[in-house]
Engineer: 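A single structure is presented below for examination.
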Amino acid sequence: MKPQFGSDLIVDIFKHYEIEYAALNPGSTFRALHDSMVNYGGNRLPEMITCSHEEIAVGIAHGYAKATGKPMLAIVHNVVGLLHATFGIYYAYLDRAPIVVIGGCGAMSIPQRRSIDWVHNATLQGNAVRDYVKWDDQPFSIDSIPESFARAYRVATTEPQGPVYVCFEMTLQETKLQSEIPLPNKERLQAPPLQGDLPSIRRAAEMLARAENPVIVADYLGRNPSSFHKLVALAECLGAAVVDLNSRLNFPNTHPLCLTGSDILRKADVILTLDVRDLYNTFFEIDRESGAHMPMISPKARIIDIGFGDLGISKWSHDYERLQEVDLPILGDTRAVLPLLLDGLQEFLKGRESLIKDRSERHRTTHNELRAGWSELARKDWDAKPMTTARLAHEIWQVIKNEDWVLSANTLNSWARRLWSFTRPEQHCGESLGTGTDLGISLGVALAHRGSAKLVVDIQPDGDLMFDPGGLWTAAHDHIPLLVVMYNNRGYYNDWAHQIRLAKQRGNPVERTAIGMEIDHPPPNFAKLAQSFDWYAEGPIEDPSAVGPALQRAIRAIREQGKPALIDTVTQFR
């Protein structure tokens, strides 16, 4: 079929860029695009994912991008849909997730404007999100549309990656095409790599090779699977300890050089940071009581920072914390720099084989002691009801460890990282970001793996699910297989802990801190909620010994019935 309308042209562009999915909540300002996606495009490339809220739509695109490294679409209606979406867009910006948000707006021409467009249109719709998208545009002619989308896609996927917003006016979508409009050559519009300067990489190699106790800290490096494996090679080459900050899975937690959770930074003489967005928060501990800033590294430690530095830094949100001095900054994509760094090390490591072997053995001992200590600590209050978060993490692991699993969201206070074995980069897409994000992102991760044999697991906090319960319907409607295990402590406990702390400081009764914090009296029945959306669900479960059998039944329902499944487990607060 040849495109007849502007909206058909837009669908051709989506197909040209092989966009798999478009998550949306219906809106009249993209009615023509909607029609073209269904009837002209056949609801394929992209396939629609129907959502009850724009925040969920953006969250799904966010999770899909984290799982695949590729953008998908979130389509939002006019100003009102965009304002609903802002929360999700902001978190995608913080998390460096490449998503393309498509907007629709009513006629900008006053004579053509419907009455509703006066209150739902804006002079420049992108103003609502301009401070936390990488780029936004609103093309004013049909022949501008292909170039606008092509630039948006390239900007979103150019490092540091992030969300973009493009708004298509209704009148352009519904206008009949008068001539053929060529599509961009996407092969000539690829995102360029950022390599880093070679003299600095050579100097970094020499500093690391000469160090007595080098430590590597990684944060977003694992967004590229190849970098995960390069980091293993780099650490083994140096015998260097690795600390994973877990914005992505950067390093196997079972590797003997993984010392995440130790005090190894205090002993480092050279620290290599890889894609660490917030250096200050990595090197300083801030006391929650006094607000005092206490260094976690030696003042003599030298710092090599490889990443994007101040590229893409927000003009609006202080998401980078305080400015941290470093000895050698290298501006570059770790995917391009790590192979060069590995090559450069060979020259400087000659004659240091014995030192590296001894250092590696020391780290192996520390690693084994850490793992053994966590296993012992997890046994505390083992049979308590409600169960401890450590026991919940253990019970989940015992059931899924022989599956081909992916952890999409994790709020179990590091217990999953301590007790599970993370050995492949796709097994964890990063830590939870904030309340109201876990379910949407988990749906996106599960959508990316739909049709595969992977078991996607979301350890889902109760407060978070209360924000977006409509996402449960999306999972059932669009056949997105997902195992949700509730981390249900029946409260907004992060803030509750603040109230307890403040009550003690001020001499107020601690018993009153539950006011405005509990999710109880009555407690939500998440299993019944999920069942109402045609999920397989059980719970609430307080007895930890009942968790394993319930999870096994849930996995059977996913495998045999194709349903998403939820197990509501009630835990202690922390």
Side-chain angles (χ1 to χ4, degrees), residues 1-51 54 57-58 60-61 64 70-79 81-82 85 89 98-109 112 117 120-121 124-126 129 133 135-157 163-186 189:
M1 296 173 62
K2 288 188 177 181
Q4 299 183 58
F5 300 95
S7 55
D8 296 344
L9 172 67
I10 296 170
V11 171
D12 278 346
I13 297 168
F14 295 164
K15 289 182 181 296
H16 186 58
Y17 275 84
E18 300 178 340
I19 304 291
E20 284 192 285
Y21 302 106
L24 58 86
N25 180 255
S28 62
T29 51
F30 58 87
R31 65 188 185 185
L33 179 57
H34 193 130
D35 175 80
S36 293
M37 289 170 66
V38 172
N39 297 303
Y40 174 74
N43 194 31
R44 182 178 178 276
L45 289 178
E47 174 190 339
M48 287 187 194
I49 305 297
T50 311
C51 302
E54 288 83 357
V58 175
I60 290 174
Y64 175 91
K70 301 185 299 183
M72 68 170 275
L73 305 179
I75 306 180
V76 300
H77 162 58
N78 221 319
V79 167
L82 181 60
I89 295 171
I99 64 174
V100 179
V101 181
I102 298 296
C105 72
M108 298 304 292
S109 168
Q112 295 178 280
D117 294 337
H120 281 184
N121 267 17
L124 291 172
Q125 290 200 172
V129 292
V133 294
W135 187 73
D136 70 273
D137 193 32
Q138 186 169 325
F140 284 94
S141 66
I142 291 178
D143 55 5
S144 299
I145 288 174
E147 183 173 322
S148 177
F149 185 88
R151 188 181 295 276
Y153 192 95
R154 187 169 71 171
V155 170
T157 55
V164 295
Y165 171 72
V166 181
C167 181
F168 298 129
E169 186 183 345
M170 278 182 67
T171 52
L172 297 185
Q173 297 176 45
E174 299 182 10
T175 297
K176 275 204 164 190
L177 300 177
Q178 302 302 313
S179 61
E180 183 177 350
I181 298 176
L183 300 184
N185 185 340
K186 65 177 184 179
L189 293 170

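Atom set for the values below is all heavy atoms of this structure, side chains included, hydrogens, waters and symmetry mates excluded.
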Engineer: At their closest point, which heavy atom of Asp136 faces which heavy atom of Gly126, and how far apart are they?
Structural biologist: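 The answer is OD2-CA, 3.5 Å.
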Engineer: Could you go through the side-chain contact (heavy atoms from CB on, under 4.5 Å) check for Val38 and Met48 one step at a time?
Structural biologist: CA-CA 8 Å; Val38 172; Met48 287 187 194; 3.5 Å; yes
Engineer: Do Leu9 and Ile142 touch side chain to side chain, with heavy atoms closer than 4.5 Å?
Structural biologist: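 Yes - at least one pair of side-chain heavy atoms lies under 4.5 Å apart.
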Engineer: Rounded to the nearest 0.5 Å, what separation is found between the CE atom of Met170 and the OG1 atom of Thr175?
Structural biologist: 10.5 Å
Engineer: As an exercise, state the distance from CD1 of Ile10 to CG of Leu33, rounded to the nearest 0.5 Å.
Structural biologist: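 With rounding to 0.5 Å, CD1 (Ile10) is 5.5 Å from CG (Leu33).
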Engineer: Testing the basics here: between Val166 and Ala152, what is the closest heavy-atom pair and its distance to 0.1 Å?
Structural biologist: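 Looks like CG2-CB, 3.5 Å.
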Engineer: Quick check: closest heavy atoms across Cys105 and Gln138, and the distance to 0.1 Å?
Structural biologist: SG-NE2, 3.6 Å
Engineer: Within a strict 4.5 Å, meaning less than it, do heavy atoms of the Ile181 and Pro146 side chains meet?
Structural biologist: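 Ile181 reaches Pro146 side chain to side chain.
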Engineer: Less than 6.0 angstrom separating the ring centers of Phe149 and Tyr17, yes or no?
Structural biologist: yes
Engineer: Dump the intermediate steps for side-chain contact (heavy atoms from CB on, under 4.5 Å) on Tyr40 and Asp12, then the final yes or no.
Structural biologist: CA-CA 9 Å; Tyr40 174 74; Asp12 278 346; 2.8 Å; yes
Engineer: Does Ile102 form a side-chain contact (heavy atoms from CB on, under 4.5 Å) with Phe14? I'd like the steps, not just the answer.
Structural biologist: CA-CA 11 Å; Ile102 298 296; Phe14 295 164; 4.3 Å; yes
Engineer: Around atom NE2 of His77, are there more than 12 heavy atoms from other residues, nucleotides or ligands closer than 6.0 Å?
Structural biologist: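 Enclosed.
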Engineer: Determine the minimum heavy-atom distance between Asp137 and Ser148, stating which atoms define it.
Structural biologist: OD2-OG, 2.7 Å
Engineer: If you look only at pairs with a residue in residues 25-50, which of them pass as a salt bridge (Lys or Arg N to Asp or Glu O under 4.0 Å), with sequence neighbours excluded?
Structural biologist: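 Found Arg31-Glu174, Glu47-Arg450.
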Engineer: Contact between Val11 and Leu45 at the side-chain level, heavy atoms closer than 4.5 Å - yes or no?
Structural biologist: no
Engineer: What I'd like to find out is whether the side chain of Cys51 reaches to under 4.5 Å of the side chain of Ile60, using heavy atoms alone.
Structural biologist: yes
Engineer: Which pair of non-hydrogen atoms, one from Arg151 and one from Trp135, has the smallest distance, and what is that distance?
Structural biologist: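 Nearest pair, atom of Arg151 first, then Trp135: CD-CZ2, 3.4 Å.
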Engineer: What I'd like to find out is whether the side chain of Leu177 reaches to under 4.5 Å of the side chain of Asp8, using heavy atoms alone.
Structural biologist: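 No, every pair of side-chain atoms sits at 4.5 Å or beyond.
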Engineer: Can you tell me how far NE2 of His120 sits from OG1 of Thr29, rounded to the nearest 0.5 angstrom?
Structural biologist: 9.5 Å
Engineer: With the side chain counted from C-beta on, respond yes when Asn78 and Ser28 share a heavy-atom pair under 4.5 Å apart, and no when they do not.
Structural biologist: no
Engineer: Does the side chain of Tyr165 pick up a donor-acceptor pair with the side chain of Gln125 at under 3.5 Å?
Structural biologist: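 A donor-acceptor contact under 3.5 Å links the two side chains.
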Engineer: Side chain of Thr157, backbone of Tyr153: donor and acceptor closer than 3.5 Å?
Structural biologist: yes
Engineer: Can you measure from CD (Gln173) to OG (Ser36) and round to the nearest 0.5 angstrom?
Structural biologist: 8.0 Å
Engineer: So among Val100, Ile89, Ile99, which one has a side chain to side chain contact (heavy atoms under 4.5 Å, CB included) with Val164?
Structural biologist: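 It is Val100, the one option of Val100, Ile89, Ile99 that forms the side chain to side chain contact (heavy atoms under 4.5 Å, CB included) with Val164.
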Engineer: Atom CZ of Phe30 and atom SG of Cys167: how far apart are they, to the nearest 0.5 Å?
Structural biologist: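 So the gap between those two atoms works out to 11.5 Å.
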Engineer: Less than 4.5 Å apart, side chain to side chain, heavy atoms only: is that true for Met37 and Ile75?
Structural biologist: yes
Engineer: Look only at the side chain of His16 and the backbone of Pro184, and say whether a donor-acceptor pair between them is shorter than 3.5 Å.
Structural biologist: yes
Engineer: Could you go step by step and tell me if Ile145 and Ile13 meet the side-chain contact (heavy atoms from CB on, under 4.5 Å) rule?
Structural biologist: CA-CA 9 Å; Ile145 288 174; Ile13 297 168; 3.7 Å; yes
Engineer: Can you give me the closest heavy-atom contact between Pro46 and Ala22, atom names plus distance?
Structural biologist: CB-N, 3.8 Å
Engineer: Does the pair Lys70/Glu20 count as a salt bridge with the N-to-O cut at 4.0 Å?
Structural biologist: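 Yes, Lys70 and Glu20 are salt-bridged.
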